[in-house]
There are 2 protein chains.
Amino acid sequence: MKEGPDISQIGALIGDPARANMLTALMGGQALTATELAGAAGITLQTASSHLSKLEAGALIAQRKQGRHRYFALADDEVGLLLENIMGFAANRGHLRTRPGPKDPALRKARVCYNHLAGDFGVRMLDRLVADGDVTLDGDDAALTQSGEARIAAIGIDVPALRAQRRPVCRTCLDWSERRSHLAGSLGEALLGRFIADGWAKREKDSRAIRFTAEGERRFVALFP
Amino acid sequence: MKEGPDISQIGALIGDPARANMLTALMGGQALTATELAGAAGITLQTASSHLSKLEAGALIAQRKQGRHRYFALADDEVGLLLENIMGFAANRGHLRTRPGPKDPALRKARVCYNHLAGDFGVRMLDRLVADGDVTLDGDDAALTQSGEARIAAIGIDVPALRAQRRPVCRTCLDWSERRSHLAGSLGEALLGRFIADGWAKREKDSRAIRFTAEGERRFVALFP
DNA sequence: TGAATGCTTCGGCTAACATCGAAGTATGAA
DNA sequence: TTCATACTTCGATGTTAGCCGAAGCATTCA
């Protein structure tokens, strides 16, 4: 027995409620301070500090010192994908939180998934790109076609610059609310950044929800009908 | 905060080493008895019984009574996909077991992933099917084309019977050793069953490894060059 | 019916760990 | 320099939960 990689370490890291809450908070994509994360998890600063060092030792999160603050964020895209995946599984099993809360519909419509767009809007965007032959899928990998590159460039995104990064440009990420894939990778991040920079959408405070303005939603739907 | 599904319960279930070992053993796809699982995890029967009831309460496994035995198996395909996914993540992070063990190369070449073929052989099979236009990918879903249906039928698999089941016929599953997708779903299960039934390959005892006979490997490569 | 096998339940022990108060370190501001 | 803020480390506490021995069911076989 004892074959393959050891999953129990990762399970144990995610298995503590306080740590799970911190990770969920970090799925918002913003780097947060230890104090903020302690608040999110409902624990004191000392306890949070202990948890954070464990998560860091497990390479699930990374910290960046900046002045007297220390900002914590998910270590990389892979962690976000994994967490979204587990959330999808948990949602199917009915392992939902006791009360769905009023924000739930908004989360299902559009939310940030670590650094890219998820929810109904995210899924529909990828569907449209694939249907139009702008993105091709290959398992969990994805690729931008020539026509796709033109389309993305027209939105105002510097595709060559994305390609120059070491990260994959396109990836798929399983959406827990839609149970279908949406677009991740540096392109997914760039697109969400564009929508927000252009004022089409705004992030809700203390939430993963993304609220599109009426005008922004109109434009988004025009782009990805 | 406290948004979305609760991942900590699932993390906690997987987070205990004894339970993780049992789940890994069940990834072999065979239903095992409590005694066998206790052996796999290196614990006594009583302790195993306690763990098993927790896993069952969490809907990760299901049991089937048969005479005086109780057979435990993963609850469904979804669980297998999730575990393989976490294994892939763990492998990337270097959360490997202390010693890779001698079986590791065999596992990377061909192994059973709950009920379908994984490893180099599994990945190459799906690659070939996609390249030939027999399977189309759409995120984590996949579909068999007309030409694909003919090809599969020629191998001796009753595709309409697969379609009649409620389960998805094609799914992709992320391979932890190859970091690419292989074919899951009822078709993936049927294909592996065919290979074994035709004597092309045999399951190794007490392992997830699959050993192809020389003749079987020749035929497999001829089918999926 | 009695014996054997397979598994669960109970009870108590132990180790691990999450938690927080208090003290310590580091950075920045006054 | 002094104070304040941000965070970590230490120490003590309490709860949890894994673990196993022993006893209790349930099923099968003789």
Side-chain angles (χ1 to χ4, degrees), chain A residues 1-2 6-26 30-75 95, chain B residues 1-2 6-26 30-75 95:
Chain A
M1 324 312 125
K2 309 255 160 96
D6 185 12
I7 58 177
S8 73
Q9 301 174 34
I10 291 169
L13 284 176
I14 298 174
D16 180 79
R19 284 194 292 262
N21 283 333
M22 294 198 219
L23 290 171
T24 305
L26 289 174
Q30 297 169 320
L32 299 174
T33 65
T35 310
E36 289 168 323
L37 287 167
I43 50 179
T44 62
L45 189 56
Q46 312 91 286
T47 308
S49 178
S50 157
H51 285 307
L52 288 170
S53 58
K54 281 173 194 173
L55 288 172
E56 196 178 5
L60 292 187
I61 64 172
Q63 67 167 297
R64 218 177 49 220
K65 294 176 83 162
Q66 203 163 95
R68 76 173 125 185
H69 291 276
R70 289 182 190 205
Y71 287 98
F72 293 87
L74 299 187
H95 286 216
Chain B
M1 329 310 123
K2 308 253 160 94
D6 185 13
I7 58 177
S8 73
Q9 302 175 32
I10 291 170
L13 283 175
I14 299 174
D16 180 78
R19 283 195 292 261
N21 283 334
M22 294 199 218
L23 290 171
T24 305
L26 289 175
Q30 298 170 318
L32 300 174
T33 66
T35 309
E36 289 169 324
L37 287 168
I43 51 180
T44 62
L45 190 56
Q46 313 89 285
T47 308
S49 178
S50 156
H51 284 307
L52 289 170
S53 57
K54 282 173 194 174
L55 288 172
E56 196 178 3
L60 291 187
I61 64 173
Q63 66 166 296
R64 217 178 51 218
K65 295 176 81 160
Q66 201 163 97
R68 74 174 127 190
H69 290 275
R70 287 181 192 208
Y71 287 98
F72 293 87
L74 298 187
H95 286 217

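Chain letters run A, B, ... following the sequence lines, proteins first and then strands; every chain starts at 1.
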For this session: Could you state the atom-to-atom distance from CE of B/M22 to P of C/dC7 in whole Å?
Result: 12 Å
Problem set entry | Value in whole Å for how far the C1' atom of C/dC17 lies from CG of A/L55 | 14 Å
Exercise. Does B/S50 reach the side chain of B/K54, with side-chain heavy atoms less than 4.5 Å apart?
Worked result: yes
Seminar exercise, completed: In whole angstroms, the gap separating P of C/dA18 from CD1 of A/I14 amounts to 14 Å
Problem set entry | Close side-chain approach of A/H51 to A/I43, heavy-atom, < 4.5 Å | yes
For this session: Verify the contact: side-chain N or O of A/K54 to OP1 or OP2 of C/dA18, cut-off strictly under 4.0 Å; return yes or no.
Result: yes
Exercise. Is there side-chain contact between A/L37 and A/L26, with at least one heavy-atom pair below 4.5 Å?
Worked result: yes
Seminar exercise, completed: Taken to the nearest 0.5 Å, the spacing of A/L32 CG from A/L74 CG works out to 9.5 Å
Exercise. Are any non-hydrogen side-chain atoms of B/L23 and B/I61 less than 4.5 angstrom apart?
Worked result: yes
Problem set entry | Summary of protein contacts for nucleotides 5-10 of chain D, nucleotide by nucleotide, where a base hit scores B, a sugar-phosphate-only hit scores S (4.0 Å, heavy atoms) | BSBBB-
Problem set entry | Residue pair B/Y71 / B/T33, side-chain heavy-atom distance below 4.5 Å | yes
Problem set entry | Under 4.0 angstrom between B/H51 side-chain N/O and D/dC19 OP1 or OP2 | yes
